[in-house]
Number of protein chains: 2
Amino acid sequence: MSSVTIKDVARLAGVSPSTVSRVISNHPKISPATKKKVREAMEALGYHPNIMAQSLVSKNTQTLGLVLPHSAEKIFVNPFFSEVLRGMLAYANIKQYDILMSSANNPKEEIEAVTRMVLGRRIDGIILMAPRQKDPIVEKLLEYQFPFVLLGRSMEHDHVLSVNNDNIKAAYDITNHLIKQGHKRIGFVSGPPDLVVSIDRLEGYKKALLEAGLPVHPDWIIGEDVLQGNAFHALTMIMNSPEPPTAFVVTDDVVAFGLIRELYAAGFHVPQDVSIVSFNNIVLSELSNPPITTVDIGIYHLGYLTVQHLIRKLSGEEIEKPQMIVPHRLIIRESSMKLQ
Amino acid sequence: MSSVTIKDVARLAGVSPSTVSRVISNHPKISPATKKKVREAMEALGYHPNIMAQSLVSKNTQTLGLVLPHSAEKIFVNPFFSEVLRGMLAYANIKQYDILMSSANNPKEEIEAVTRMVLGRRIDGIILMAPRQKDPIVEKLLEYQFPFVLLGRSMEHDHVLSVNNDNIKAAYDITNHLIKQGHKRIGFVSGPPDLVVSIDRLEGYKKALLEAGLPVHPDWIIGEDVLQGNAFHALTMIMNSPEPPTAFVVTDDVVAFGLIRELYAAGFHVPQDVSIVSFNNIVLSELSNPPITTVDIGIYHLGYLTVQHLIRKLSGEEIEKPQMIVPHRLIIRESSMKLQ
DNA sequence: CTGAAAGCGCTAACAG
DNA sequence: CTGTTAGCGCTTTCAG
């Protein structure tokens with residue numbers, strides 16, 4: 001593993017180090033002849049610039065930080081994550097950026113990880129996933145005046161760069177789909193309550209019910225721990241009440257999988273006994289049994305645009321609209337059904 | 001976003017920059033008094049070391065590279081990936097390492113990405129996932145003598161650091177499970193044929209059949225494109241032959257999901273008409289309908305140990321056994337059934 | 001135990 | 001168009 005530096009190249013090419021530096025950065029005023037000479041020398045020696053040294057002086061790292069939502073082990077095992085990451089890397093790759101990931105086990109470590117990356121000057125900008133209400137990391141970054149982008153949105157600051165779906169509308173639309181199918185008693189299975197996305201989806205659900213003159217029954221809004229089976233009890237109670245819901249809006253495909261199983265275990269079949277709709281359209285939602293009606297939110301695209309948005313900002317482009325919205329669409333499958 | 005350097009701290013603490021440096025690196029011979037003074041100054045100014053500068057001189061980056069299998073878009077959308085990454089980050093986090101990810105769209109870009117990371121001195125070591133037969137990246141890294149670890153194994157080099165399951169044994173075990181259930185005609189759905197893991201699992205499957213005196217029917221070994229529906233045709237042909245398989249060993253849970261759907265579409269029910277077993281035990285395999293019998297390979301653990309193995313090597317520890325094997329276990333669920 | 005000095009590999013004025 | 005010079009922020013001999 002040779003350690004060939006700019007000096008070695010300079011020597012071989014018979015020029016000064018600065019000239020080599022210039023051909024690396026494609027400086028305009030450099031004669032084709034020397035450019036060629038230098039290129040050949042670089043080739044011959046197998047030269048690659050030391051990125052650390054470059055960054056130290058140029059003050060930029062061609063690296064983006066990605067902080068993983070700590071609490072969100074659940075979110076994280078979610079195929080959503082890999083898909084969004086794939087989109088992020090795709091665009092980063094085009095622009096020759098890499099992505100530096102850091103994890104944390106609790107909010108404190110999360111802040112530490114961010115601080116280390118930012119103040120350690122390891123990255124040029126940062127991507128935040130799954131922002132919360134009054135998110136401390138957002139506040140911190142705003143305080144540092146460090147460039148960042150939200151995959152999601154901030155409830156408090158509407159000038160921060162963000163790429164998001166219109167989750168309120170999405171939830172409104174999918175709930176209306178159920179209403180149009182004749183459902184009148186519709187439950188909701190929510191995500192972590194402090195996530196903005198959870199709040200938005202719940203709001204859209206409520207809005208649709210209210211507009212249709214249907215009841216928002218607090219008992220029918222259940223936590224996202226269904227998957228873990230903790231809410232099994234709550235679920236059977238709801239389903240065995242005199243007038244149980246005939247449909248559920250579920251915050252996430254993976255949770256929908258869990259719910260379908262739990263219902264099955266409790267003796268209820270989807271969609272014959274109860275309809276299920278959810279969000280995200282992960283690949284597996286189509287392969288579920290039954291296939292799940294869901295809102296396609298363009299996961300890959302979300303990741304792609306998030307990085308694009310951030311890199312544009314970093315390149316000093318004027319951002320006309322800081323809040324970017326990725327359109328959603330309903331994917332109707334067999335898990336939701338017309339009520340007779 | 002202050003840019004406070006070691007000099008600022010030195011000035012405030014009334015010492016020299018080198019002393020500050022020593023405090024940072026916890027040098028033994030430093031008086032408690034000055035140590036305290038310096039610590040306070042760092043605190044007061046909100047000092048964080050510039051990691052680029054540190055790396056430039058110390059020659060290590062506290063960063064591990066992760067190259068994503070390019071072809072493996074399919075593997076990548078797979079929840080397997082997020083889970084293994086979670087394990088990797090968990091251990092990296094403990095040791096204060098970060099993970100730098102780079103993607104590529106083809107083998108050429110893949111090599112470039114590695115080269116850039118390695119020769120750009122951005123990372124101390126590298127993690128390779130899903131190695132192939134005669135993997136060019138492995139060869140390259142060996143040539144550079146750059147530290148790396150395989151999540152999987154190399155077929156050619158048995159001294160390289162690797163963390164893996166005994167996939168031959170795993171496939172052998174799960175196939176035997178079917179045989180014990182009375183199945184005599186057992187098909188196989190394979191992964192990308194150049195991946196070592198595919199080769200190993202196929203081998204284990206064949207071994208079990210041979211030992212049991214059962215036929216290895218070439219027509220029953222089908223490609224992994226079932227999920228995409230390309231193999232739908234092949235599948236119906238097999239299933240409608242006079243003596244169709246009564247069970248399939250499938251290389252991956254996600255593919256199993258797809259297969260179950262395809263079978264269902266073709267009029268065959270799992271497990272009544274045909275049993276399905278697969279590998280990985282992703283969270284969703286339990287939530288499938290029916291729940292899938294699978295081999296738990298300890299995904300999280302694989303990721304965790306892979307990073308541990310690499311970091312140990314980097315710290316100069318003597319590695320007794322370069323090839324680390326994570327045990328597997330069968331998870332019997334409803335998708336496989338005793339044959340009457 | 002601590003400071004001064006040199007240098008990691010690269011870039012960016014400033015001259016020529 | 002190209003070389004010289006001076007750092008980027010940090011660590012590390014080498015003297016004291």
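Order of the sequence lines sets the chain letters (A, B, ...), proteins ahead of strands, with each chain counted from 1.
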What I want to check is whether an N or O donor and acceptor connect the side chain of A/Ser18 with the base of D/dT4 at under 3.5 Å.
yes

Do the side-chain N or O atoms of [X] get closer than 4.0 angstrom to the phosphate oxygens (OP1, OP2) of [N]?
X	N	answer
A/Ser31	D/dT2	yes
B/Lys59	C/dG9	yes
B/Gln54	D/dT11	yes
A/Thr5	C/dG9	no

How would you label the contact of A/Val20 with the nucleic acid (heavy atoms, under 4.0 Å): base, sugar-phosphate, or nothing?
nothing

Report which part of the nucleic acid A/Thr34 touches: base, sugar-phosphate, or nothing (heavy-atom distance under 4.0 Å, all strands).
sugar-phosphate

Just compare [options] and give me whichever is closest to any side-chain atom of [X].
X	options	value
A/Ser21	C/dC1, C/dT11, C/dA4	C/dT11
A/Ser3	C/dC10, C/dG9, D/dG9	C/dG9
B/Ala53	D/dT4, D/dC10, D/dC8	D/dC10
A/Thr19	C/dT2, D/dG3, C/dC8	D/dG3
A/Lys29	D/dG7, C/dG3, D/dC1	D/dC1
A/Ile30	C/dC8, D/dT2, C/dT2	D/dT2
A/Tyr47	C/dC1, C/dC10, D/dC8	C/dC10

Between [N] atom [atom2] and [X] atom [atom1], what is the distance in whole Å?
X	N	atom1	atom2	value
B/Arg11	C/dA4	CZ	P	13 Å
A/Ile24	C/dA12	CD1	C1'	14 Å
B/Asn50	C/dG9	CG	P	17 Å
B/Met52	D/dC10	CE	P	13 Å
B/Leu56	D/dT11	CG	C1'	10 Å
A/Ile51	C/dT11	CD1	P	11 Å
B/Leu119	C/dC10	CG	C1'	16 Å
A/Lys35	D/dC1	NZ	P	10 Å

In terms of side-chain geometry, is the basic nitrogen of [X] or [Y] positioned less than 4.0 Å from the acidic oxygen of its partner?
X	Y	answer
B/Glu40	B/Lys37	no
B/Lys108	B/Glu112	yes
B/Asp124	B/Lys59	no
B/Arg153	B/Asp158	no
A/Lys134	A/Asp194	no

Closest-nucleotide mapping onto DNA chain C: is B/Arg22 or A/Pro49 further toward the 5' terminus? I mean the 5' end.
B/Arg22

In Å and rounded to the nearest 0.5 Å, what is the CD1 to CG distance from A/Ile99 to A/Leu85?
6.0 Å

Among A/Val326, A/Leu151, A/Leu128, whose side-chain contact (heavy atoms from CB on, under 4.5 Å) with A/Thr306 holds?
A/Leu151

Could you check B/Gln323 against B/His159 for side-chain hydrogen bond (donor to acceptor under 3.5 Å, both in side chains), going step by step and ending with a plain yes or no?
CA-CA 7 Å; B/Gln323 307 223 39; B/His159 58 289; over 6 Å; no

Can you give me the bend angle of the helix from C/dC1-D/dG16 to C/dG16-D/dC1? Use the axis through the first five pairs and the one through the last five, nearest 10 degrees.
40°

